[in-house]
Amino acid sequence: MNFEKKKIEHWQVIAAYLLLFDIVAINASYFLALFLRFDLHYSLIPVIYLNALVKFAPAYTIFTIIVFYLFKLYNSLWRFASISELNRILVASLIVTVFQIVGMTFFVQRMPISYYIFGAVIQFVLVVGVRFSYRYVTMERVRREQEQRAEHRAMVIGAGQSGQMILKELKTSKEIDAKPVCIIDDNPNKWGRVMEGIPVVGGRDDILDAVKKYKVDQILLAIPSASAETRRDILNICKETDCELKTLPGIYQLTNGEVSMARMKPVAVEDLLGRDTIKVNLDEIFNHLQGKIILVTGGGGSIGSELCRQIAGHGPKQLIIFDIYENNAYEIQQELKRRYPNLNLGVLIGSVRDSKRVNWVFEHYRPEIVYHAAAHKHVPLMEDSPNEAIKNNVIGTYKTAYAALKYGTERFVLISTDKAVNPTNIMGASKRLCEMVIQSMDRVSKSKDYSVLPFVLEHLNKHTGGQLIPDPEDHMAIVKAEEKDMIGGTQFVAVRFGNVLGSNGSVIPLFRKQIEAGGPVTVTHPDIVRYFMTIPEAVSLVLQAGTYAKGGEIFILDMGEPVKIDTLARNLIKLSGFKPDVDIKIVYSGLRPGEKLYEEKLMAEEGIEKTQNDLIHIGKPIEFDEKTFFVDLEKLAYASYDNSDNIVEMVEAVVPTFHPVGKHPTGKEMSR
């Protein structure tokens with residue numbers, strides 16, 4: 001027979017040493033008690049007391065070891081011993097002290113009162129001392145090693161619970177290469193005091209002086225409960241110090257007990273926007289989504305994947321992700337499987353330009369709510385490929401909306417953009433056309449006059465080359481057949497918002513890569529401004545809009561004041577620990593084709609209407625004739641599939657507010 005030699009763990013060796021120490025300590029404690037009682041003269045101790053001590057020692061020793069074992073005094077991590085371990089030692093000591101008093105007095109020999117008192121105290125001190133001295137020695141060794149290894153001198157902002165937890169980890173972890181040297185807190189009552197041995201040196205106004213005095217090169221912002229405005233003000237001071245900045249993401253880290261150095265992240269430029277997070281009615285969203293079959297097109301993209309995350313947490317009956325890019329779809333699929341193992345999840349690969357595939361998805365799954373996020377969105381790329389913008393964005397939206405109408409989807413929510421307002425590029429114009437598709441489809445859904453729909457587009461795919469049905473009689477046959485099968489009753493709405501921080505193609509990831517490469521950071525124009533929001537905020541708006549929808553609305557977010565891209569770039573450079581135009585150069589590359597200096601949230605023709613959420617508004621629909629629009633849409637579709645050279649001019653004719661860069665609204669050429 002083969003026997004494997006069992007490995008003895010280090011903690012088991014420590015436990016054995018503790019056991020031996022306790023055997024000596026619990027017997028020596030009561031001998032020392034007698035020794036003290038008789039003035040430290042062994043000869044004065046009566047023999048009867050010594051005999052009683054020796055006679056009772058075996059029983060007391062065995063009982064004490066058993067009690068200590070039951071109270072886990074031999075398998076605790078004494079390196080991290082705290083109040084919990086101290087309480088267990090105290091209770092165990094009280095139990096064995098009672099056993100000592102009762103056993104010795106009633107079964108062996110009544111001893112002097114000082115014997116019981118001194119013996120219990122000495123034993124408790126020895127048992128606690130050896131265990132917590134191990135923790136002290138370990139901490140001191142780690143502290144010395146950390147000081148030798150530390151590459152950063154850290155300032156902690158926030159002398160609250162989160163700050164305390166960060167300080168403890170900084171002082172005890174072997175993996176962290178920073179040591180705390182000072183604390184900043186705006187509460188004057190804490191100034192001049194110490195926390196975890198580190199001085200609280202003042203408030204936010206003292207940050208710059210403290211950085212110089214204590215030679216700080218890393219700042220840790222540990223105030224997750226602070227408002228966005230407070231964080232912005234503090235970070236605006238910190239970014240002038242050339243220190244590396246890190247922060248806890250939010251208050252939920254504190255409530256979930258997730259405060260640690262591992263949870264701290266580099267300060268993001270969105271922390272400097274100074275706008276409170278958009279608040280939505282989670283109960284409304286939950287009631288709207290719970291138990292529903294939900295389809296997200298473009299579900300692997302920046303917005304689409306966040307939609308899937310938030311929807312998955314609101315109890316849908318089934319979530320279907322539809323995306324053309326398999327890698328993106330796979331990543332969000334695996335993430336959702338890990339986070340929501342009980343989620344009924346379907347992940348499908350396909351294009352919104354493929355009529356048969358889209359119709360199969362709707363026929364097979366019968367989604368009750370659709371979030372349409374699939375689109376081409378890169379402005380410069382679409383300027384060079386305008387036909388693709390029309391095929392994917394406009395015709396793809398029509399085909400998906402058509403399938404929703406045909407199979408009785410309850411609500412269809414289009415993801416739009418502020419670039420659809422007075423567009424100067426084909427991408428923005430295509431999204432305005434998408435909005436017009438949605439508004440037209442909603443009118444058709446309400447009127448049930450399906451004959452105005454260009455049904456022929458449902459049979460127009462890439463391989464047709466735009467030459468599907470030349471015979472008008474065949475066209476009418478399709479119209480009659482399709483109209484007969486329509487269920488209708490769908491509410492169509494659009495949600496329009498600005499630039500999303502951190503999304504694919506946004507400026508922030510680009511700036512980060514340029515900074516990591518040592519620069520330069522490219523900004524198109526020193527005066528260019530944009531509205532910004534975070535991905536979770538954008539998705540929350542989309543979900544909230546779905547609960548307000550009555551059909552035909554364009555929901556618009558109040559994103560506060562626009563931000564200069566140049567300012568964002570400079571702040572991001574500072575937050576990375578560099579000086580703009582010194583360490584990292586900023587280069588102005590000029591406006592790109594189709595780009596304008598500022599974006600608008602509303603067209604002049606649109607009014608504004610409030611909702612229950614003060615940050616969400618409704619743009620009143622611009623009137624246009626949907627019959628004419630559908631005729632124009634059909635022409636655009638055929639032209640785009642023919643890869644027409646005149647597609648931009650055709651879009652101009654359909655979207656009156658579209659004025660490509662280089663043209664004045666009057667049609668005259670103008671300089672950029």
Side-chain angles (χ1 to χ4, degrees), residues 352-353 355 358-359 372 386-406 412 414 416 420 423 426 428-462 464-486 488 490 492 494 551-552 554 603 605 621-660:
V352 292
R353 293 158 65 165
S355 304
V358 171
N359 278 279
H372 183 55
N387 286 291
E388 297 307 306
I390 301 304
K391 292 176 196 174
N392 198 67
N393 294 2
V394 185
I395 308 307
T397 295
Y398 174 81
K399 290 182 176 184
T400 311
Y402 170 88
L405 190 64
K406 181 175 181 179
F412 184 103
L414 167 73
S416 189
I426 194 66
S430 72
K431 295 302 283 186
R432 175 56 194 151
L433 283 168
C434 291
E435 293 179 352
M436 295 171 74
V437 167
I438 292 309
Q439 292 176 315
S440 299
M441 294 296 276
D442 189 74
R443 295 171 190 171
V444 169
S445 180
K446 287 183 171 69
S447 68
K448 298 190 182 300
D449 181 12
Y450 305 127
S451 63
V452 299
L453 291 173
F455 291 107
V456 66
L457 296 188
E458 275 309 289
H459 303 271
L460 182 67
N461 282 315
K462 187 175 181 180
T464 65
Q467 301 297 324
L468 179 68
I469 304 174
D471 191 335
E473 291 186 5
D474 290 342
H475 188 166
M476 289 309 299
I478 290 175
V479 170
K480 291 177 181 178
E482 295 285 358
E483 184 176 357
K484 185 178 179 181
D485 292 337
M486 299 295 284
T490 307
F492 292 91
I554 297 178
M603 284 181 273
E605 299 93 329
I622 299 174
E623 294 299 324
F624 60 90
D625 184 74
E626 62 265 23
K627 292 182 180 179
T628 303
F629 171 70
F630 282 131
V631 171
D632 292 336
L633 183 65
E634 190 170 342
K635 293 177 182 177
L636 280 174
Y638 279 101
S640 66
Y641 278 99
D642 273 338
N643 293 308
S644 170
D645 293 331
N646 300 317
I647 196 70
V648 174
E649 288 75 10
M650 293 179 68
V651 172
E652 275 191 274
V654 181
V655 182
T657 56
F658 175 36
H659 304 294

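All figures in this text were calculated on a predicted structure; none of them were measured in a lab. All residue numbers refer to positions in the sequence shown, counting from 1. Values below: all heavy atoms of this structure, side chains included; hydrogens, waters and symmetry mates excluded.
In terms of the side chain to side chain contact (heavy atoms under 4.5 Å, CB included) criterion, residue partners of Glu388 (sequence neighbours excluded) are, by chain and number, Arg353, His376, Ser385, Lys391, Asn643. Listed by chain and number, the residues in a side chain to side chain donor-acceptor pair (under 3.5 Å) with Lys446 are Asp442 (sequence neighbours excluded). Thr628 is linked by a side chain to side chain contact (heavy atoms under 4.5 Å, CB included) to Asp625, Asp632, counting only residues two or more places apart in sequence or in another chain.
When all heavy atoms of Ala420 and Ser416 are compared, the closest pair comes out as CB-OG, 4.1 Å. Of all non-hydrogen atoms in Asn393 and Cys434, the two that sit nearest each other are O-SG, 3.0 Å. Nearest heavy atoms, Gly396 versus Thr400: O-OG1, 2.8 Å. Nearest approach of Leu405 to Thr490, heavy atoms of both residues: CA-OG1, 3.7 Å.
Here the rule is side-chain contact (heavy atoms from CB on, under 4.5 Å) with Leu633, and of Ile395, Ile390, Leu433 only Ile395 fits it.
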Check step by step if side-chain contact (heavy atoms from CB on, under 4.5 Å) holds for Lys399 and Val352. CA-CA 7 Å; Lys399 290 182 176 184; Val352 292; over 6 Å; no

Trace of the side-chain contact (heavy atoms from CB on, under 4.5 Å) decision for Arg432 with Met436: CA-CA 6 Å; Arg432 175 56 194 151; Met436 295 171 74; 3.7 Å; yes

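Ring-plane geometry between Phe624 and Phe629 is classed as perpendicular, the angle between the planes exceeding 60 degrees on a 0 to 90 degree scale with a lower cut at 30.
In this structure, Leu636 and Val651 have side chains that are in contact, with non-hydrogen atoms separated by less than 4.5 Å.
Within the cation-pi definition used here (under 6.0 Å to the ring centroid, within 45° of the axis), Arg443 does not qualify as a partner of Phe630.
Ser445 contributes no side-chain N or O that, together with a main-chain N or O of Met441, makes up a donor-acceptor pair within less than 3.5 Å. In terms of modelled atom types and a separation under 3.5 Å, the side chain of Tyr398 and the main chain of Pro454 share a donor-acceptor contact.
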